[in-house]
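First up is the structure itself, then whatever we jot down about it.
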Amino acid sequence: MLVQFTIENHRSIKNSSVVSFAASKDKSLEEYLLPMDTKKSLLPAIAIYGANAAGKSNVLHAMMTMREMVVGEAARISKGQKLPWEPFGGTKEPTSFESVFLYQGIRYAYGFSFDAKKIYAEYLYHWPNGREALIFSRENGVYEFRENVNEQMTLSNRTPENKLYLVSSNDWNLPQTENAYKWFLEKLTFLMDEEQTNSETVAQILDGDDKKARILKELLLADLGISDVAIKNLADKAMAITTTHRILHEDGSVEYFQLLMEQESAGTQHFFARIGGWLQALENGALLVVDEIEDSLHPLLTKRLIEMVQDRNINIKGTQILFTTHDCLLLDLNLFRRDQIWFAEKDNATCATELYSLTSFSPRKGENVRGGYLQGRFGAIPFIGGDVLWQR
């Protein structure tokens, strides 16, 4: 599970900004919380609101860039190639990322700073037995190790200045850094501008009767009218996704008919594309990062997807979700705790994004936060002609 993520100098985010999944002292909806240790709990979901171009998607992009540099294409660059550096404005300062997370019951803190040409700093700490311990650190090419020092010094000498040591050490199967690497590989997943559902992805989703049953259950709970999903060969041997619908006539007779997936509504297609990622994250206990969660979905379908993560009977493996949204119907203190609602606002003078949570405003229990947000009380809304877009 993710404890917190810190960004500095990436796209519209200039100053150090933190998104924290650590639960506050808020006593509401405590049944949602995920246990971190005997004293602390973590949030299952965080929603980020903000006007268009306020920078909320840049928070997710920063997280995706960090993952890309650890386990993606940017991790496989050669010496001398450029890193995916996108600093704020015209600044020449390095960008910094840090993730604090739990993996197999142990807390880790991993971070680095970089520009287009090199890694300036990098570090990895863990807390076995509750005490902080350094695994490695790197500062301007100077490394420090506490375990397996000779082997790690050899690996550090093989690490180019534009490559992360976490990556190169795992290329050589170093056990000290394996778990941190696996967290990025296994537990950090994204639903960002996903492609249209195709037969190959559906085949993966429907693999196994249990998975198919869960998919169908969620489709039926979403009231999409679908009773079955299958993959069939068409006359030209192409693979096609078909959905089966059930009609109950007045005389009690039942009729079934099939549609191709492309004949379904955009909302149904989108829900089906996302439900697979949702179930996979729930199955793997992953952090799911989603941009514009409500895209092409009815608000009740969006709410259903969130409820799946917040239901401890469904979410038994510590799955979390971080998403951006404009859907004000989700701004409900019966659905979210105050520490789960975050805002991104761009400063008019500096054009820098500021991140803050609803807890900064201490709203009363049961307060209409939706109305307060649309009135501009919490910021992070668009202004047209100098006026708030909506008034009660």
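Judged by distance alone, with hydrogens and angles left aside, the side-chain atoms of R377 form no donor-acceptor pair with the main-chain N or O of V369 at under 3.5 Å. Not one N or O on the side chain of T243 forms a donor-acceptor pair closer than 3.5 Å with the backbone of I241. Between the side chain of E294 and the backbone N or O of H326 there is at least one donor-acceptor pair closer than 3.5 Å. Side-chain atoms of T319 never come within 3.5 Å of backbone atoms of N315 as a donor-acceptor pair (strictly under, hydrogens ignored). With D115 contributing its side chain and K118 its backbone, the two residues share a donor-acceptor pair below 3.5 Å. Here the side chain of N284 pairs a donor or acceptor atom with the backbone of Q280 at under 3.5 angstrom. For T159 (side chain) and S168 (main-chain N/O), no donor-acceptor pair under 3.5 Å exists by modelled atom type. Counting only distance, with no hydrogens or angles, the side chain of R67 and the backbone of F184 share a donor-acceptor pair below 3.5 Å. A donor-acceptor pair is defined here as one N or O able to donate and one able to accept, closer than 3.5 Å; such a pair exists between the side chain of Q320 and the backbone of L2. Of the possible donor and acceptor atoms, none in the side chain of D291 sits under 3.5 Å from a partner among the backbone N and O of L191.
Using a 4.0 Å cut-off between charged side-chain N and carboxylate O, R337 and D339 make a salt bridge.
Looking at every heavy atom in both residues, T189 comes nearest to A286 through OG1-CB, 4.1 Å. Of all non-hydrogen atoms in Q152 and I135, the two that sit nearest each other are NE2-O, 4.1 Å. For the residue pair L102 and L42, the shortest heavy atom distance occurs at CD1-CD1, 4.2 Å. The heavy-atom pair separating T350 from F88 by the smallest distance is O-CZ, 3.3 Å. Of all the heavy atoms in S20 and L43, the pair that sits closest is O-CD1, 4.1 Å. Of all non-hydrogen atoms in I13 and T353, the two that sit nearest each other are CG1-CB, 4.1 Å.
Rounding to the nearest 0.5 Å gives a distance of 9.5 Å between CZ of F112 and OG1 of T95. F114 contributes atom CZ, which lies 6.5 Å from atom OG1 of T65 (distance to the nearest 0.5 angstrom). Note that NZ of K92 is 6.0 Å distant from CH2 of W85, once rounded to the nearest 0.5 Å. A distance of 8.5 Å separates CG in L331 from CZ in F378, rounded to the nearest 0.5 Å. The structure places CH2 of W172 at 13.5 Å from OG1 of T177, a figure rounded to the nearest 0.5 Å. Taking CD of Q81 as the start and CZ of R76 as the end, the distance is 11.5 Å to the nearest 0.5 Å.
Here the options are Y165, Y120, Y143, the test is side chain to side chain donor-acceptor pair (under 3.5 Å), and the partner is R138; only Y143 passes.
Hydrophobic clustering places V309 together with L279 (ILVMFWY residues linked when any side-chain heavy atoms are closer than 4.5 Å, directly or through intermediates). The cluster map of Ile, Leu, Val, Met, Phe, Trp and Tyr, joined by side-chain heavy atoms under 4.5 Å apart, puts F97 and Y125 in different clusters. In terms of hydrophobic clustering, with Ile, Leu, Val, Met, Phe, Trp and Tyr side chains grouped at heavy-atom distances under 4.5 Å, M69 and Y123 are assigned to different clusters. M1 and V3 fall within the same hydrophobic cluster, defined by Ile, Leu, Val, Met, Phe, Trp and Tyr side-chain heavy atoms under 4.5 Å apart, directly or through other members. Residues L374 and F336 share a hydrophobic cluster, clusters being chains of Ile/Leu/Val/Met/Phe/Trp/Tyr side chains in contact below 4.5 Å.
One side chain, E264 or H245, offers a donor N or O that lies under 3.5 Å from an acceptor on the other. Side-chain polar atoms of T359 and S24 form no donor-acceptor pair below 3.5 angstrom. For the residue pair S28 / D26, a side-chain donor-acceptor distance below 3.5 Å is found, with atom types taken as modelled. Donor-acceptor pairing under 3.5 Å is recorded for the side chains of Q310 and Q340. If you check the side chains of W342 and S357, you find no donor sitting under 3.5 Å from an acceptor. Between the side chains of H61 and R11, at least one donor-acceptor pair of N or O atoms lies under 3.5 Å.
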CA sep, side-chain torsions, deciding dist, call: D251, S253, side-chain hydrogen bond (donor to acceptor under 3.5 Å, both in side chains): CA-CA 6 Å; D251 61 3; S253 62; 2.6 Å; yes
E122 vs Y110, side-chain hydrogen bond (donor to acceptor under 3.5 Å, both in side chains): CA-CA, chis, key distance, verdict: CA-CA 8 Å; E122 185 183 5; Y110 174 66; 2.7 Å; yes
List the steps, then state whether salt bridge (charged side-chain N to carboxylate O under 4.0 Å, His left out) holds for R146 with E144. CA-CA 7 Å; R146 298 288 170 83; E144 181 180 354; 2.9 Å; yes
I'd like to know whether V254 forms a side chain to side chain contact (heavy atoms under 4.5 Å, CB included) with H249, so could you lay out the CA-CA distance, the side-chain angles of the two residues, the decisive distance to 0.1 Å, and finally the verdict. CA-CA 6 Å; V254 177; H249 296 289; over 6 Å; no
Report the C-alpha separation of L259 and T242 in whole Å, then their side-chain angles, then the decisive distance to 0.1 Å, and conclude whether the side chain to side chain contact (heavy atoms under 4.5 Å, CB included) test is met. CA-CA 6 Å; L259 293 175; T242 62; over 6 Å; no
From CA spacing to verdict: side chain to side chain contact (heavy atoms under 4.5 Å, CB included), K163, I119: CA-CA 7 Å; K163 189 169 185 176; I119 308 296; 5.9 Å; no
Under the side chain to side chain contact (heavy atoms under 4.5 Å, CB included) rule, what do N179 and I106 come out as? Steps first, then yes or no, please. CA-CA 9 Å; N179 281 348; I106 297 177; 5.6 Å; no
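Between F343 and I48 there is no side-chain heavy-atom pair separated by less than 4.5 Å. Side chains of H10 and I7 form a contact here, defined as non-hydrogen atoms less than 4.5 Å apart. At a threshold of 4.5 Å between non-hydrogen side-chain atoms, the residues R338 and P363 count as touching. Inter-residue side-chain proximity for L355 and E345 is flagged as unmet; no heavy-atom pair is nearer than 4.5 Å.
Shown here is N348, whose CG atom has no more than 12 heavy atoms of other residues, nucleotides or ligands within 6.0 Å. Within 6.0 Å of atom NZ in K14, 12 or fewer heavy atoms from other residues, nucleotides or ligands are found, so the atom counts as exposed in its surroundings. Annotation for N129: atom CG does not count as buried by contact number, only 12 or fewer foreign heavy atoms lying within 6.0 Å. More than 12 heavy-atom neighbours from other residues, nucleotides or ligands sit within 6.0 angstrom of CG on N140.
The ring of Y49 has its center closer than 6.0 angstrom to the ring center of Y373.
The aromatic rings of W183 and F101 sit parallel, their planes meeting at an angle under 30°, below the 60° perpendicular limit.
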